[in-house]
Amino acid sequence: METITLTHDNLESEHICCAIASDKDVQVKSKKEWLKEQLDRGLIFTKMNVRGKCFIEYIPIENAWVPVKGKDMMYIDCLWVSGQYQGKGYAKELLEDCKKRSLELGKKGLIIISSQKKKGFLMDYKFLVKHGFYSVDVWNEIYELMFLPLTQDYQEPHFNVQPIKEEGLVLYYTSQCPFNAKYTQVLKEYCDQQKIPLKLKHILTCEQAQNAPTPLTTYSLFYNKVFITREVLNARKFEKIWGQIYEED
C-alpha cells in the first residue's frame, strides 16, 4: 500500500489518522498547528494512504517532547495500527521505513515507550521485542523505555524525569494528542461544577516537556504527587477514578 509523509504542502489536506472525521473539528486544528511547528524541528509523520489509524510519528531526540536523554536517536511519539489494518504487516512496514530514514539521517537508534501491561495508545510490548527493541529504563514501575540500536557505536538512552512539585489534582498535557483540545476542557468544566480543584499544566514547548515530572507528557494526571493515569478522560471516566481516589484518600 502507498504511504504518505506529511509536509507543509499537504498537511492541511491530509487526514491525520486519529478517530476524528472532520478537519474542522477543534481537535484536528490543534493537532495540525502542533505538527506545523514540529515539522520544522525534524518530525516525520508517515501513514498508509487510508483514513484510519495506521501511522508512525517520530522526531529527533533533542526535539522530542519527553524527558529522555540520548544522542543521535529518533524518538517515536506514536506507532499506531488498529482496526481493519491490524495483522497485515503495516506496523512492520512503517517501522522499517522509520529505521531506513533514521539511518539516512545519521541516527544510531530508535526509542519508544511501552509497557508489559497492555495500555491504550502504547505500541504492543511483544511486537517491539520481536523487532529488536529492549528495555533500558523504567518509570513508575510500569512504563519502559524501549531501545532499538541501529549501529554499533551508541550509548543507551535513559529517562530524565524531574520530581513533581504540585500537590492536589494536576493534569500535565501537550497538544500532541488531538483529543486534548476537547477533553481537557471537558474535565476542567466537570471539576469546576463539582468544586474539585484541578490544575491544568499545558506543556507548550519541548523544553518544558524535557523537564516534566512525567515521560508521558501527552497526558498525565496526578493526585498529591502520585501518578493516576495517562488515559484521556471524559467526565464519566474521571468520575469513576475520582471516586476511587476519594475513598483511598
Side-chain angles (χ1 to χ4, degrees), residues 1-6 17-18 38 41-50 52-161 176-177 206 209-210 214-218 230:
M1 184 185 295
E2 177 191 9
T3 60
I4 297 174
T5 297
L6 295 186
C17 302
C18 295
Q38 305 319 306
R41 298 168 68 89
L43 181 138
I44 298 174
F45 186 114
T46 299
K47 64 171 193 165
M48 294 300 178
N49 189 15
V50 296
K53 296 180 283 290
C54 192
F55 68 97
I56 187 169
E57 175 184 309
Y58 52 100
I59 192 169
I61 186 62
E62 62 269 19
N63 294 328
W65 287 53
V66 286
V68 172
K69 290 291 187 180
K71 185 177 180 182
D72 297 325
M73 297 179 187
M74 281 290 192
Y75 177 80
I76 301 174
D77 291 327
C78 192
L79 173 53
W80 194 5
V81 177
S82 68
Q84 63 180 308
Y85 307 110
Q86 288 183 315
K88 298 181 179 180
Y90 293 147
K92 179 181 178 181
E93 187 175 337
L94 289 167
L95 179 59
E96 289 299 321
D97 185 68
C98 172
K99 289 164 62 176
K100 180 176 179 292
R101 293 189 191 213
S102 297
L103 280 168
E104 290 172 350
L105 291 169
K107 305 306 179 185
K108 299 180 179 181
L110 304 180
I111 311 166
I112 189 171
I113 294 175
S114 186
S115 172
Q116 295 187 47
K117 295 183 179 180
K118 190 172 180 60
K119 298 287 182 180
F121 306 106
L122 287 184
M123 192 60 199
D124 182 71
Y125 188 92
K126 292 181 179 178
F127 170 89
L128 295 172
V129 171
K130 178 180 177 180
H131 291 282
F133 286 83
Y134 63 93
S135 179
V136 291
D137 206 351
V138 181
W139 180 76
N140 204 47
E141 299 181 352
I142 296 176
Y143 297 96
E144 301 190 36
L145 191 65
M146 306 296 289
F147 175 57
L148 173 64
L150 298 178
T151 66
Q152 297 296 320
D153 56 331
Y154 62 85
Q155 291 183 335
E156 292 179 346
H158 59 88
F159 285 129
N160 188 43
V161 181
Q176 180 192 338
C177 175
C206 74
Q210 290 171 2
T214 170
L216 310 171
T217 52
T218 303
R230 68 179 296 275

S.K.: Considering only heavy atoms from C-beta outward, does the side chain of Asp72 approach that of Pro60 to under 4.5 Å?
M.R.: no

S.K.: Judged by modelled atom types alone, do Gln38 and Trp65 share a side-chain donor-acceptor pair under 3.5 Å?
M.R.: yes

S.K.: Using the benzene-type ring in the case of Trp, are the ring centres of Tyr75 and Tyr58 under 6.0 Å apart?
M.R.: no

S.K.: Side chains of Glu144 and Ser114, heavy atoms from C-beta outward: is any pair under 4.5 Å?
M.R.: no

S.K.: Please determine, by modelled atom types, if Arg101 and Thr5 share a side-chain donor-acceptor pair under 3.5 angstrom.
M.R.: yes

S.K.: A side-chain contact here means heavy atoms from C-beta on lying under 4.5 Å apart; do Leu148 and Tyr134 qualify?
M.R.: no

S.K.: Check whether any side-chain N or O of Lys88 sits under 3.5 Å from a backbone N or O of Gln84 as a donor-acceptor pair, and report yes or no.
M.R.: yes

S.K.: Out of Ile56, Asn49, Thr46, Asp97, which residue meets the side-chain contact (heavy atoms from CB on, under 4.5 Å) rule with Thr3?
M.R.: Thr46

S.K.: Quick check against the 3.5 Å criterion: does Asp124 have a side-chain atom that pairs as donor or acceptor with the backbone of Lys126?
M.R.: yes

S.K.: Is any side-chain heavy atom of Lys107 closer than 4.5 Å to a side-chain heavy atom of Met74?
M.R.: yes

S.K.: Any chance you could measure Leu103, atom CG, to Leu105, atom CG, to the nearest 0.5 Å?
M.R.: 9.0 Å

S.K.: Would one find more than 12 heavy atoms of other residues, nucleotides or ligands at under 6.0 Å from atom CD of Gln155?
M.R.: no

S.K.: Assert yes or no for the condition that the ring centre distance of Tyr125 to Phe133 is strictly below 6.0 Å.
M.R.: no

S.K.: Lys108 versus Leu150: any side-chain heavy-atom pair under 4.5 Å?
M.R.: no

S.K.: With heavy-atom distances below 4.5 Å as the criterion, would you say the side chains of Ile113 and Leu145 are in contact?
M.R.: yes

S.K.: Within the 4.5 Å heavy-atom criterion, are Tyr143 and Arg230 side-chain neighbours or not?
M.R.: yes

S.K.: If you take all heavy atoms of Cys206 and Ala64, which pair is closest and at what distance?
M.R.: CB-O, 4.0 Å

S.K.: Decide salt bridge (Lys or Arg N to Asp or Glu O under 4.0 Å) for Glu96 and Lys100; before the verdict, give the C-alpha distance in whole Å, the side-chain angles of both, and the deciding distance to 0.1 Å.
M.R.: CA-CA 6 Å; Glu96 289 299 321; Lys100 180 176 179 292; over 6 Å; no

S.K.: Would the number of heavy atoms belonging to other residues, nucleotides or ligands and lying under 6.0 Å from NZ of Lys119 be above 12?
M.R.: yes

S.K.: Going from CZ on Phe159 to OG1 on Thr214, what distance comes out if it is rounded to the nearest 0.5 angstrom?
M.R.: 9.0 Å

S.K.: Taking atom CD of Glu2 and atom NZ of Lys47, what is their separation to the nearest 0.5 Å?
M.R.: 10.0 Å

S.K.: Please name the pair of heavy atoms, one in Gln210 and one in Ile61, separated by the smallest distance, quoted to 0.1 Å.
M.R.: NE2-O, 4.0 Å

S.K.: Kindly assign one of parallel, tilted or perpendicular to the pair Tyr85 and Tyr90, based on the angle between their ring planes and the thresholds 30° and 60°.
M.R.: tilted

S.K.: Looking only at non-hydrogen atoms, find the nearest pair between Val68 and Pro157 and report the distance.
M.R.: CG1-CB, 4.3 Å

S.K.: Indicate the atoms forming the closest heavy-atom contact of Phe127 with Lys92, along with that distance.
M.R.: CZ-N, 3.9 Å

S.K.: How long is the gap from CD on Gln152 to OH on Tyr154, to the nearest 0.5 Å?
M.R.: 7.0 Å

S.K.: Any heavy-atom pair between the side chains of Gln176 and Asp77 that's under 4.5 Å?
M.R.: yes

